[in-house]
K.L.:
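Okay, handing you the structure first.
Chain identifiers are assigned alphabetically (A, B, ...) following the order of the sequence lines, protein sequences preceding nucleic acid strands; residue numbering begins at 1 within each chain.
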Amino acid sequence: MMMQAYLIQSINLFASALLLLSFAMLSQRRILTLIHLFTLQGAALVAATVVVAYVTDQHHLYYSAAITLVTKVFVIPLLLHRLIDRLNIKWDVETLINIPTTMLIGILLVVFAFNLALPIVKLSSSIAHSTLGIALACVLLSFMMMITRAKAVPQVIGFLSMENGLFFAATAATYGMPMVVEFGIAFDVLVGVFILGVFMFQIREQFDSLDIRHLEKLKDD
Amino acid sequence: MSTDLIHLDWILLLIAAWLGIGAFGILALRRFRFVAHVLFPLGGLVCLGVFFVALQAIFAAPETAVLPLGLPGLPFHLRLDALAAFFIAVISGASAGVSIFAAGYFRKGEGTPPGLLCLQYHIFLASMVLVVLADDAYAFMVMWETMALSSFFLVTSNHRIAAIRSAGYLYLLVAHVGAIGILLCFGVLQANTGDYTFANMRGQHLSPFWASAAFLLALFGFGAKAGIVPLHIWLPEAHPAAPSPVSALMSGVMLKTAIYGLLRVSFDLLQVQLWWWGVVLLALGLVTALFGVVFSAVQTDMKRLLAYSSIENIGLLCVGMGLGVLFRAYHMDALAALALTACLYHVASHAFFKSLLFLGTGSVLHATGERNLGRLGGLMRYMPWVAWVTLVGVLASSGLPPFGGFISEWLLLQSFLFTPGLPDPFLNMLIPIVAAVVALVAALAGFAMVKFFGVIFLGQPREDKLAQAHDAAWWERAGMLWLVAGCVVLGLFPVHIIEYIGRVTQILIGQNLADTVRTHGWFLLAPMSVARASYAPLVFLVVGAASFYLAVIMVRLLYRGQSRRAPPWDCGYPAGNARMQDTAEGFGQPIRRMFEPFFRMEIKHPSPFDEKPSYRISLDDHFWHWIYLPIARATEAVSKQVGRLQQGRIAVYLLYSFVTLIAMLVLVRL
C-alpha cells in the first residue's frame, strides 16, 4: 500500500519533470541542448508510462512505453543529431519574442491548461488524472515554442514535443490509446521527421539559410 | 432486357459507340489523319444512327431504364419520351453535319492534340444526349456538368491565347452559377421527400409560392446556359474563341438543352402553370431578342455577329414558350399547342441554320485567316460553294421562305394573332405591342444577315490576300450540305414535321396541332383554319422558282448577243478602290444611331488637321458595367481583405491555429 502511494507520487514527479523540461525547451537557445532536452523529455515520458502500466496492470502500456523509448529516445534524437551535423547548425537560435516574455506567456498557458483540465479531471477515474493539466500545458507550451522560433529545426522539435504532450494526455486520461493508433502515430512521427529533414535540405539549398523568414518571399502578391 | 425498350437500348448503344470513338482518339493521340478521316466521320455516322432512332422513338410509348452507374443506391434513371426524343433528334441531326464537317476542318498542330479533341468532342455529344434522357436530378446534374466541362475544354482548345482562356473562364463561371440555380430548382421540386427522381417530382403538388420559386430558379439556371439577358455575356466571348465546329455545336445544339430543361421543368415536372410566368418569359424573351438582334447588327466580327444572333433566337424561343404558358394558364390548350409548336419548330430550324452559318464562318476563317468583317469581301467568286450554302443559312436565319426559319417565325406570329381571346384585358392591350416588337426583331435579323452575307461574300475583296482563298474541301461541303438539306426539309414539309412536334405537345399539354394540320393535306399548312391563314411551301417554291427562271429566260432571249462584261460605272470618280465599299461599320451605323441607348459607345473622331487620321469606335454592353463589373469589383475587394490573412510567415500561420485552438478550448470550458 505504501509502495502504491510512492508510485503514484512518482507519476506526479515525472509529470512535473515533463512540464519543467517543456519550459526548459522554451527558454533554450542552443539547438544541441534542445535535442538533449527533447531526449530527456522522451525518457521522462517513458518512465511515467511504465509506472502507470505497473500500477494499473495495463499490459499494453508497456508496449507503448517500448515504442516511445525506441522512437523518441533513440531513433529521432539520433536523426536530429545527424541532421544538425550535416546541416552544420549548432549555433544559437534567434527567437521572435524575447525569452522572458515567452516564459510569462507560458505561465499563463499553464494556468489556462489547469483550469481547462478541471472538469475533465473530475470525470476521469484514471489513476493519473491529476496530471492531465500538465499534459495539456505541455501541448500548449510546445505549440508556443513552434510559434516563437525562427529556424526550422527548433520548430520540428517543438512539433515532436507537442506529440509527447498529446501522448501523455492520452495516458493520463484514459490509459493510452488503442495499440493500432499508437503504432500509427509513432510511424507518422518518424516519417514526419524524415520529410521535414528533406524539406530543410531543400530550404537551405534554395535560400542558403534555414531561416524560415525567407519563405515569406513565396507569398503571392 | 425486354424487347419494348428497343429505342432506348439502341440510343445507349450508340452513345457507347461515341465514347468508344473518343477512347480510340486517346489511343491515337497525335495520328492526325486517322482521327480526322476515320474517327470523326464514324462519329457523324453514329449521329445519323441516333437521329433516325430518335425520330422513330417520337412515336413510341415512353421507355425507361435504370443504369447501373452512379453512386451506390443512387443509380441513373433514364427515360425516353416524345419530348426527349424530339430534342435528341435535333441534337443528333445537327451534330451529324458538324461531325462530318469537322473531319475536314481541324488542322494539324493547332492547340489541343487531335485525339484529345476527338475525345472531348464525343463526350460532349454523349453528355448532351444523356442530359435529355436523364430522369432523375442526380443523373441530370452529372450530365449537365459533364456537358459544361467538355465544352469548356473544347472552347479553350487554343489555350495558349490569353483571350481564349479568359473567354473559357467566363463561360465556365456562368455555367456553374447557372448550375446552382438548377440544383436549387430540383431541390424545391422534390418537396422534402428526399426522392430526386423526376417521377416523384411529377407527383408533387406544390403550392403556388413554391412552384413559382422552382420556375424562377429554373429560369435563372437554364437562362444562364441559354443566354437570356442579362446572363448572355458569355456567348459573344465564348463563340468566337471556340473552333468553328465547336461554336456550331454550342450555339446550334447545346443552347437547346437549356430550352429543353426549361420546357421539362415548366410543363412536365410542374403540374400547374401560373399566368404571370408567361408574362415574365415574354418580357425576358422580348428584351433578349431585341438586344441580341440590335447588337448583332452592329458587330464587326463575324462570329460575334452570329453569337448575338443566337441570343436573339433564344429570345424568340422564350417568347414562344411564354405565350404557351400564358395560353395554358388560361386553359386555351389549342392555342398553347400552337405557340409551343412554333417554339419547338424554331428549335429545330435554328439548330440547323445556325450550325450551318457557324460552319460557313469556319470555312471562311480557314481560307482567309480573318474573322474581322472589315478585311473580308468578294469571297463569292473564290469560294462559291461556301457562299451558296451560307446563303441558304442566311435566308433561313432571316426568316424567309422557303426555309425552316420562315415557318417557325410565321407560326409564332400566328399565335400572337389569337391572343385577343385572352380573358385579361390588360394583357390584350399589351400583346399587340409584343407582336410588333417580334416583327421588328425579325426585320432587324434580316438586316443583320444581309450585312453578314453582303460584307463577306459580295462586292470586291478588301484585302489582296483574299484572292488566294480556296473553297471548302469535300468533307466540309458534305457536312454543310447535310445541314442545308435540313433547312430545306424543314421549310418544305412543315406538315410532316408538325406531326412529330404534335407528339411532343401532346405529352406536354395534352393537345397537338397535328390533327388540325393534317386535314388540309400535306402540302398546305394552316395552323388553325384555312380561312385565317395558310401557307403552301411547295406551291410557293414552284411559283417562285418558275417566275425566276422565266425572267432569266426572257432576259436571255431579249438580250441575246447584246450583253457584255464591263467595269461598273464609277460615278465619274475613277480613283475608287475596294476599301471604299460600304463597310461593316458603315452598314451598321443607322442601327447604331437609332438604338443608341442600347450601347455604351466610345467614338474617337480624327481632327481635320490630322496627318494620319484614324477613326475608332468601341461598342460595349451596358450589362457589363451595370451588373458584372460591380460584382467583380466587390469580389476583388472582399478577397483583398481576406488576402491580408496571408502574411507569408509560418509563425503567424501557426499563431492562427494556436489562437483558434485556445478559443475553442475556452468555448468548451464555458
Side-chain angles (χ1 to χ4, degrees), chain A residues 93-97 102 105-106 108-123 132-133 135-137 139-156 158-159 162 165-166 169 196 199-200 203 207 210-221, chain B residues 149 152-153 155-156 158-177 237 624 628-670:
Chain A
V93 180
E94 323 158 22
T95 52
L96 295 175
I97 314 175
T102 321
I105 299 176
L108 284 181
L109 284 178
V110 173
V111 172
F112 174 71
F114 270 80
N115 191 358
L116 192 72
L118 267 181
I120 311 171
V121 169
K122 276 180 200 148
L123 291 174
L132 188 64
L136 284 177
V139 172
L140 294 182
L141 287 176
S142 312
F143 207 147
M144 177 83 185
M145 177 178 154
M146 282 175 75
I147 294 176
T148 52
R149 297 302 161 101
K151 291 278 196 287
V153 178
Q155 281 202 330
V156 173
F159 172 72
M162 189 160 81
L166 275 176
L196 290 169
F199 268 141
M200 283 179 222
I203 293 172
F207 300 111
L210 268 182
D211 197 327
I212 46 168
R213 274 177 288 191
H214 290 295
L215 293 181
E216 286 170 32
K217 288 177 197 153
L218 297 178
K219 184 186 161 193
D220 184 27
D221 280 315
Chain B
L149 285 179
F152 164 76
F153 285 116
V155 166
T156 54
N158 273 329
H159 52 82
R160 296 197 199 292
I161 302 170
I164 288 183
R165 282 199 304 276
S166 72
Y169 173 74
L170 182 65
Y171 166 54
L172 200 64
L173 189 70
V174 177
H176 275 99
V177 171
E237 306 300 324
W624 263 113
Y628 293 95
L629 290 183
I631 290 179
R633 273 196 291 269
T635 314
E636 204 167 12
V638 170
S639 325
K640 271 232 174 81
Q641 294 304 315
V642 174
R644 287 175 161 200
L645 283 176
Q646 194 198 12
Q647 293 276 332
R649 298 170 67 163
I650 291 183
V652 175
Y653 295 156
L654 283 171
L655 195 63
Y656 291 151
S657 8
F658 190 67
V659 168
T660 314
L661 178 71
I662 297 284
M664 298 296 240
L665 288 174
V666 167
L667 264 181
V668 170
R669 186 71 181 88
L670 293 177

K.L.:
What part of A:Leu136 gets within 4.5 angstrom of chain B, counting heavy atoms only: side chain, backbone, both, or neither?
P.N.:
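Neither part; nothing is under 4.5 Å.
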
K.L.:
When you look at CZ of A:Phe114, are more than 12 heavy atoms from neighbouring residues, nucleotides or ligands closer to it than 6.0 Å?
P.N.:
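Above 12, so yes.
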
K.L.:
How far does CZ of B:Phe658 sit from CG of A:Leu109, to the nearest 0.5 angstrom?
P.N.:
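Answer for the CZ-CG pair, B:Phe658 versus A:Leu109, is 4.5 Å.
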
K.L.:
Less than 4.5 Å apart, side chain to side chain, heavy atoms only: is that true for B:Val652 and A:Ile147?
P.N.:
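Counting from C-beta outward, B:Val652 and A:Ile147 never come under 4.5 Å.
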
K.L.:
To the closest 0.5 Å, what do you measure between CE (A:Met144) and CG (B:Leu655)?
P.N.:
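Result: 9.0 Å between the selected atoms.
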
K.L.:
Answer yes or no: does atom CZ of B:Phe153 have more than 12 heavy-atom neighbours from other residues, nucleotides or ligands under 6.0 Å?
P.N.:
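Atom CZ in B:Phe153 is not crowded, with 12 or fewer foreign heavy atoms closer than 6.0 Å.
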
K.L.:
What option among B:Leu654, B:Leu661, B:Val668, B:Val666 has the most heavy-atom pairs under 4.5 Å with chain A?
P.N.:
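Heavy-atom pair counts peak at B:Leu654.
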
